[in-house]
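Remarks on the structure that follows.
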Amino acid sequence: MLTGMQRYLHRHRAKWVGFAFILPWILSALWFDLIPFVTNLYLSFTDYSVSTSAPDWLGFENYREILEIDPLFTKSLGNTVYYLVLGVPIRLVVAFAIAVLLNLRIHALGTFRTIFYIPSVVPLVAVSIIFFGMFNARYGIFNQLLILLDLPPVRWLTRPEWIKPAMIIMSTWGFGAQMVIFLAGLQGIPSELYEAAEMDGGSYWHQLFRITIPMVSPVIFFNLIIGIIGGFQVFASAYVLLGPGGGPLNAGLFYVLHIYNNAFSYFRLGYAAALSVVLFLIILFFTVIMVRTSDRWVYYGDT
Amino acid sequence: MVEGLYARIAKWTFVYPLLLVSSVVMLFPLAWTFSTSLKTAATVTLREVKLIPDPVQWSNYITIFEESPLILYTQNTMYMVVTSVIGGVVICALAGYAFARIAFPAREVLFYVLLSTMMLPHVVQIIPLFVIFDRMGLVGTFWPLIIPRLLGHNAFYIFLMRQFFRGIPLELSDAARMDGCTELGIWARIIIPNSKPVLAAVGIFSIQFAWNDFLSPLIYLGPKKELWTLALGLNAQKGFEGEITSLHKMMVISVYMIIPMLLVFAFGQKYMIEGVTFSGMKG
């Protein structure tokens, strides 16, 4: 039997027990999320360089330099947008198409799913090293195959116009994670919907566009947002494939590479912080736009 | 449901061939990697399409240890992996339990904070974190990589745990509470034993992310070769277009780096795909 006092103590202690459980996370959220976020804003208004010298307050000088002077800001943002506008939809369409095929009640579904997913478990640095070898203009397998097919070889990593397509080909190889998400979404569509459509004599393509795509539109939306947010922050694959400069004429200089170079090659940490704030605002802008317009094309059920 | 003749013909003439061709395309880079890893400095630059190299130089897998401190890199990577797993399956599981089952003040507010940190792009944290760790004198040590992991700094894992724990019947924990079990006791004896799928998924993701991580090790360990992880070591093995003659060595290290992840995938495929799927469904 518990007395009222004991009961009170017990309940009161339970309160603090809850905090104790999340204490490490609270610490980490302060140390690795909140404080850095605020510090980053502060740094972006300074010329912070190394820990030994006190930074000067610059006001909006860094932002002015980004928008008015820095030619590599436009260049790297342009490269990133190019990579996004082509790469994200291509990977999405491939992932969706394969998921649709796998959802046709086929044999060996598990085996096919495994095969398509495997590239997604290959470490990104290894992916880049592998494609670095395959893209090699003289000895790489891509050009050997092109020659076999009587097509002209391509200088994938040394011609500015081929660098971004090479990056897109490489990133498309890893569509497996998106594919399994699509597949789960497709498998969740009630079969009555298709049965009803078959009664009405709807063709396969009719069903695909009238039932399948609307029903998985939330998944498409999710994959699109994740793809865009991730695509804006592409770094490791480009760094390993092309080096920090992004290849000839900075054709593969993506935005985060530009941030990295300013911060860790030129030690312009304040300026790099400002660049990252600009990217944050760009990502935020796109995310808000997409979420705001999502009710026009994403189907969230009848309720 | 009976499949129509038309659908069956379409499947065998179109769907299966397409899936087979795509499978070959998907597996080709891995086959090529393995094939190249068995070449010699002379055959790696031959302009030919040959999947079985001649000669097959298996010794590449031994001699690489004389040329690259792979054992050291693997050890260093294991520090990342182990701390990442501990943080993921212990610290995040504790936090996830509190968010799922323990009533405490401001829980809902803090949960929204948790969700919003999930939305924060990593790119705005790179520079300030470097500055903070630099001022603490910790650049060039493992600490900047280990501390966040040990504190369970992963909102996504905590979220996954919470969602899963909420599905465990309340009666189980209530019964234990009646018997005088503390919250920690309930967590350890009721929740954890009933949460294998989510623990496995988070464990696997932790291993993968720690194994593959590139940007943070590059920033914090870059100049300290003796602290390099496998990812940094592999990147350093890469020459330029002109030095392609060491391509087979790059592929040997790649294979060494890929195999553990393939094993993790082979053993945890079910939980991994469930976890990835879940993140997509609830996201």
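Values below: all heavy atoms of this structure, side chains included; hydrogens, waters and symmetry mates excluded. All chains are named by letter (A, B, ...) in the order of the sequence lines, taking the proteins before the strands, and each is independently numbered beginning at 1.
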- [ ] Rounded to the nearest 0.5 Å, what's the gap from CD1 on A:I115 to OG on B:S22? Could you check?
- [x] 10.0 Å
Open item on the list: With a 4.5 angstrom heavy-atom cut-off, is it the side chain or the backbone of B:S23 that approaches chain A, or both, or neither?
Closed with: both
Task: OG1 on A:T111 to CG on B:L19, rounded to 0.5 Å - done: 11.5 Å
Open item on the list: Less than 4.5 Å to any heavy atom of chain A: does that hold for the side chain of B:V264, its backbone, both, or neither?
Closed with: neither
Task: Which portion of A:Y204 sits near chain B, non-hydrogen atoms under 4.5 angstrom - done: neither
- [ ] Taking the side chain as every heavy atom from C-beta outward, state whether A:V122 and B:M261 have any atom pair closer than 4.5 Å.
- [x] no
Task: Interface moiety of B:I132 toward chain A, non-hydrogen atoms closer than 4.5 Å - done: side chain
Open item on the list: I need the residue from B:W187, B:F14, B:F28, B:Y16 with the largest number of non-hydrogen atom pairs under 4.5 Å to chain A.
Closed with: B:Y16
Using atom types as modelled, flag every donor-acceptor pair under 3.5 Å from a side chain in residues 269-276 of chain A to any protein atom, sequence neighbours excluded.
unit_1 : atom_1 : unit_2 : atom_2 : d
A:Y271 : OH     : A:D70  : OD2    : 2.7
A:S276 : OG     : A:N40  : ND2    : 2.9
A:S276 : OG     : A:A273 : O      : 2.7

TODO: Can you tell which part of B:F133 gets under 4.5 Å to a heavy atom of chain A, answering side chain, backbone, both or neither?
DONE: side chain
Task: Side chain, backbone, both or neither of A:F116 within contact of chain B (heavy atoms, under 4.5 Å) - done: both
Task: Winner by heavy-atom pair count (cut-off under 4.5 Å) against chain A, out of B:V25, B:L110, B:I91 - done: B:L110
- [ ] Considering non-hydrogen atoms only, spot the tightest contact between A:G18 and B:F104 and give its length.
- [x] CA-CD2, 3.6 Å
Task: Contact origin within B:L184 toward chain A - heavy atom pairs under 4.5 Å - done: both
Task: Choice from B:L151, B:L18, B:I126, B:N212 maximising heavy atom contacts with chain A below 4.5 Å - done: B:L151
TODO: Give, as side chain, backbone, both or neither, the part of A:L281 having an atom under 4.5 angstrom from any heavy atom of chain B.
DONE: neither
Task: Contact class of A:F175 relative to chain B, heavy atoms under 4.5 angstrom - done: side chain
Task: Closest non-hydrogen atom pair between A:I118 and B:F265, with its separation - done: CG1-CE2, 3.8 Å
Task: A:Q233 portion near chain B, given a 4.5 angstrom heavy-atom threshold - done: side chain
Open item on the list: Would you compute the distance between atom CG of B:N235 and atom CG of A:L124 and round it to the nearest 0.5 angstrom?
Closed with: 11.5 Å
- [ ] Under 4.5 Å heavy-atom distance to chain B, tell me which part of A:A263 shows up: side chain, backbone, both or neither.
- [x] side chain
Task: Interface moiety of B:V255 toward chain A, non-hydrogen atoms closer than 4.5 Å - done: neither
Task: Geometric class of the A:F235/B:F214 ring pair [parallel <30°, tilted 30-60°, perpendicular >60°] - done: tilted
Task: Test side-chain contact (heavy atoms from CB on, under 4.5 Å) applied to A:V121 and B:W211, step by step - done: CA-CA 11 Å; A:V121 304; B:W211 189 264; over 6 Å; no
Task: Most contacts with chain B, counted as non-hydrogen pairs under 4.5 angstrom, among A:Y255, A:F131, A:Y48, A:F37 - done: A:Y48
TODO: Give, as side chain, backbone, both or neither, the part of A:I283 having an atom under 4.5 angstrom from any heavy atom of chain B.
DONE: side chain
Open item on the list: Show the nearest heavy-atom pair for residues B:K238 and A:I129, with the distance to one decimal.
Closed with: CB-CD1, 3.6 Å
TODO: Find out whether A:I22 and B:R107 are in side-chain contact, i.e. whether some heavy atom of one side chain is under 4.5 Å from a heavy atom of the other.
DONE: no
Task: Residue pair B:W32 / A:I141: nearest heavy atoms and the distance that separates them - done: NE1-CB, 3.6 Å
Open item on the list: Can you tell me how far apart CD1 (B:I273) and CG (A:L183) are? Round to the nearest 0.5 Å.
Closed with: 8.5 Å
Task: chain A contact via B:L234 - side chain, backbone, both or neither, heavy atoms under 4.5 Å - done: both
- [ ] Looking only at non-hydrogen atoms, find the nearest pair between B:A231 and A:V125 and report the distance.
- [x] O-CG1, 3.6 Å
Open item on the list: With a 6.0 Å cut-off (strictly less than), is the heavy-atom count around CZ of A:F280, excluding the residue itself, greater than 12?
Closed with: yes
Open item on the list: Do A:Y139 and B:T36 make a side-chain contact, defined as non-hydrogen atoms from C-beta onward lying under 4.5 Å apart?
Closed with: no
Open item on the list: Taking side chain as everything from C-beta outward and backbone as N, CA, C, O, which of these in B:L230 sits under 4.5 Å from a heavy atom of chain A? Side chain, backbone, both or neither.
Closed with: neither
Open item on the list: Under 4.5 Å from any heavy atom of chain B, what part of A:I229 do you find: side chain, backbone, both or neither?
Closed with: neither
- [ ] Output the option from B:V131, B:L150, B:V44 having the highest count of non-hydrogen pairs under 4.5 Å with chain A.
- [x] B:V131
List the atom pairs, with distances to 0.1 Å, where a side-chain N or O of residues 23-36 of chain A and a protein N or O form a donor-acceptor pair under 3.5 Å, not counting sequence neighbours.
unit_1 : atom_1 : unit_2 : atom_2 : d
A:S28  : OG     : A:W25  : O      : 2.9
A:D33  : OD1    : B:Q125 : NE2    : 2.8
A:D33  : OD1    : B:H153 : NE2    : 3.2
A:D33  : OD2    : B:H153 : NE2    : 3.0

Task: Part of A:Y260 within contact of chain B (heavy atom distance under 4.5 Å) - done: side chain
- [ ] Please flag which part of B:M26 lies under 4.5 Å from any non-hydrogen atom of chain A: side chain, backbone, both or neither.
- [x] both
Task: Heavy-atom proximity to chain A below 4.5 Å, by part of B:L232 - done: neither
Task: Gap separating the CZ atom of A:F21 from the CD1 atom of B:I158, nearest 0.5 angstrom - done: 13.0 Å
TODO: Search all heavy atoms of A:T114 against all heavy atoms of B:Q269 and return the closest pair with its distance.
DONE: OG1-NE2, 2.6 Å
Open item on the list: Do A:F232 and B:V123 have side chains that approach each other closer than 4.5 Å (heavy atoms only, starting at C-beta)?
Closed with: no
Task: Among the listed options B:R101, B:R135, B:M257, the residue most often paired with chain A at heavy-atom distances under 4.5 Å - done: B:R135
TODO: Go through B:T33, B:V15, B:I127 and name the one with the most non-hydrogen pairs under 4.5 angstrom from chain A.
DONE: B:I127
